[in-house]
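Data first, discussion second: the structure below is written as structure tokens.
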Amino acid sequence: MRAFLTGAHGFVGRHLATHLAESGDRNVTPSTRVDITDSAALSDALQLAVPDVVYHLAARSSVAASLQDASAVTRTNVVGTQLVLEAVRRAAPEATVIVVSSSEVYGAVEGRDQPTSEHHRTAPRNPYASSKLEVERVAHEAARAGQRVIIARPFTHVGPGQSTSFVVPALTRRLLDAKDAGDVSIVVGNLAARRDLSDVRDVVRAYRLLALLGVPGETYNVASGHDVALQDVANELRELVYPGCSFEVDPSLLRPLDIPSTRGDATKLHEATGWEPHFDLGRTLRDVVHFLAPGSIPDERR
Ligand code: A2R
């Protein structure tokens, strides 16, 4: 398959490119970043590439940043998706488009409704989540007009190469820095939250399977089906990086409108594609530590 990625240089894009190469797909994404809000540049790039599949990953992806600049998030995420779909329609109308949304669209879900399936009502609680719900609406409109558009709703994903503005690499970075400096503690945010955490390498495998086997117009959760307390993740990272370090809670790091717990139901994805996660969380955390501090975990423990 000829694959075109938006957001190719981001965290997920780099893992997806690796997975596509390993799967024998041809990556026809231009090497330089194509601005998804530049309609002409997008059309030119797509006309040259003639993709079979477009993985639309480009977005402003940070919930925290969206609280500071909601209009920029709407412009990139919503208008950007509209422009990508229009450009694909003009340049490669037969291409399948995987539009990446987010489990953030569900908002705070009661425990009794977890694991959460795609039928659950959406109730976004921040500008990023609202933008992704709007992205889905735009995608559905395109699908109704006959475009092959499939929506993925990934729950939280982590792995090597993620920005240290996200919780797992942030904690890892702080533990590594504290160890180097000989500090006895690090400051942390709300570790009571529980999250459905997947390895990014499992998530990109899901996207490719959806491109092959998903049904246009449909929405698929991508989730591990388990939730884990961030406190347990932090404890495991501490064991790997700096045992004995203590955690000091800083109330200013608690995100407003935080969501207490998430757990997704990926049955629909599994039934459509056979997808199952391959990475357990311990392996993912070891790989995150190894990425940020190569050699810090002996090979026999990785
Ligand atoms: O802005 P940059 O240079 O950091 O590039 C980011 C890119 N991006 C854009 N690309 C083209 N035109 C734009 N107007 C534009 N705005 C942002 O999207 C970056 O390379 C990529 C997003 O990468 P990350 O922030 O690392 O997000 P991640 O984790 O790879 O997420 C992929 C997708 C997103 O739709 C998330 O909302 C969703 O998965 O969770």
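First listed ligand is number 1; within each ligand, the first listed atom is number 1. The structure presented is a predicted model; accordingly, all values stated were derived computationally and were not measured.
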Side chain, backbone, both or neither: which applies to Arg33 and ligand 1 if a contact is any heavy-atom pair less than 4.0 Å apart?
side chain
Please list, in number order, the atoms of ligand 1 under 4.0 Å from a heavy atom of Leu57.
32 (C), 33 (C), 34 (C), 35 (O)
Can you confirm, on distance only, whether ligand 1 has an N/O atom lying under 3.5 Å from any N/O atom belonging to Tyr207?
no
Decide whether an N or O pair under 3.5 Å exists between Ile36 and ligand 1.
yes
Considering the heavy atoms of Tyr128, write down every atom of ligand 1 situated less than 4.0 Å from one of them.
36 (C), 37 (O), 38 (C), 40 (O)
Listed partners of Lys268 passing salt bridge (charged side-chain N to carboxylate O under 4.0 Å, His left out), at least two apart:
Glu218
Is_contact(atom 6 (C) of ligand 1), protein non-hydrogen, under 4.0 Å
no
What protein heavy atom sits nearest atom 39 (O) of ligand 1, and how far off is it?
Val100 CG1, 3.4 Å
Top protein contact for atom 27 (O) of ligand 1, by heavy-atom distance
Ser61 OG, 3.2 Å
Out of Ala59, Ala8, Gly7, indicate the one that has the non-hydrogen atom closest to atom 22 (C) of ligand 1.
Ala59
For Arg137, does the CZ atom have more than 12 heavy-atom neighbours from other residues, nucleotides or ligands under 6.0 Å away?
yes
Do any N or O atoms from the side chain of Asp196 and from the backbone of Gly264 form a donor-acceptor pair under 3.5 angstrom?
yes
Arg283/Asp280 salt bridge by N-O under 4.0 Å criterion:
no
Name the closest protein heavy atom to atom 26 (O) of ligand 1, giving the residue it belongs to and the distance to 0.1 Å.
Phe11 N, 2.9 Å
Side chain, backbone, both or neither: which applies to Val12 and ligand 1 if a contact is any heavy-atom pair less than 4.0 Å apart?
both
Among all the protein's non-hydrogen atoms, which is closest to atom 14 (N) of ligand 1, and how far away is it?
Asp35 OD1, 3.0 Å
SB check Arg125 Glu104 (cutoff 4.0 Å)
no
Part of Val34 within contact of ligand 1 (heavy atoms, under 4.0 Å):
backbone
Within 45° of the six-membered ring axis of Phe279 and under 6.0 Å from that ring's centre, is NZ or CZ of Arg201 located there?
yes
If you measure only the distance, is there a donor-acceptor pair under 3.5 Å linking the side chains of Thr6 and His56?
yes
Between Tyr220 and the options Thr273, Ile98, Val215, Thr267, the side chain to side chain contact (heavy atoms under 4.5 Å, CB included) test singles out Val215
With a distance cut-off below 6.0 Å to the six-membered ring centre and an angular limit of 45° from the axis, does Arg195 pair with Phe155 as a cation-pi contact?
no
Just heavy atoms, cut-off under 4.0 Å: does Lys132 contact ligand 1 by side chain, backbone, both, or neither?
side chain
List the steps and the verdict of salt bridge (Lys or Arg N to Asp or Glu O under 4.0 Å) for Arg208 and Asp25.
CA-CA 10 Å; Arg208 181 171 182 274; Asp25 290 348; 2.6 Å; yes
Quick one: nearest non-hydrogen protein atom to atom 20 (O) of ligand 1, plus distance?
Gly10 N, 3.2 Å
Could you name each residue pair satisfying ring-ring contact (aromatic ring centres under 6.0 Å, His included) that touches residues 9-40, not counting sequence neighbours?
Phe11-His15
For His9, is at least one N or O under 3.5 Å away from an N or O on ligand 1?
no
With a 4.0 Å cut-off on heavy atoms, is Thr6 touching ligand 1?
no
Polar-atom distance check: Gly13 versus ligand 1, any N or O pair below 3.5 Å?
no
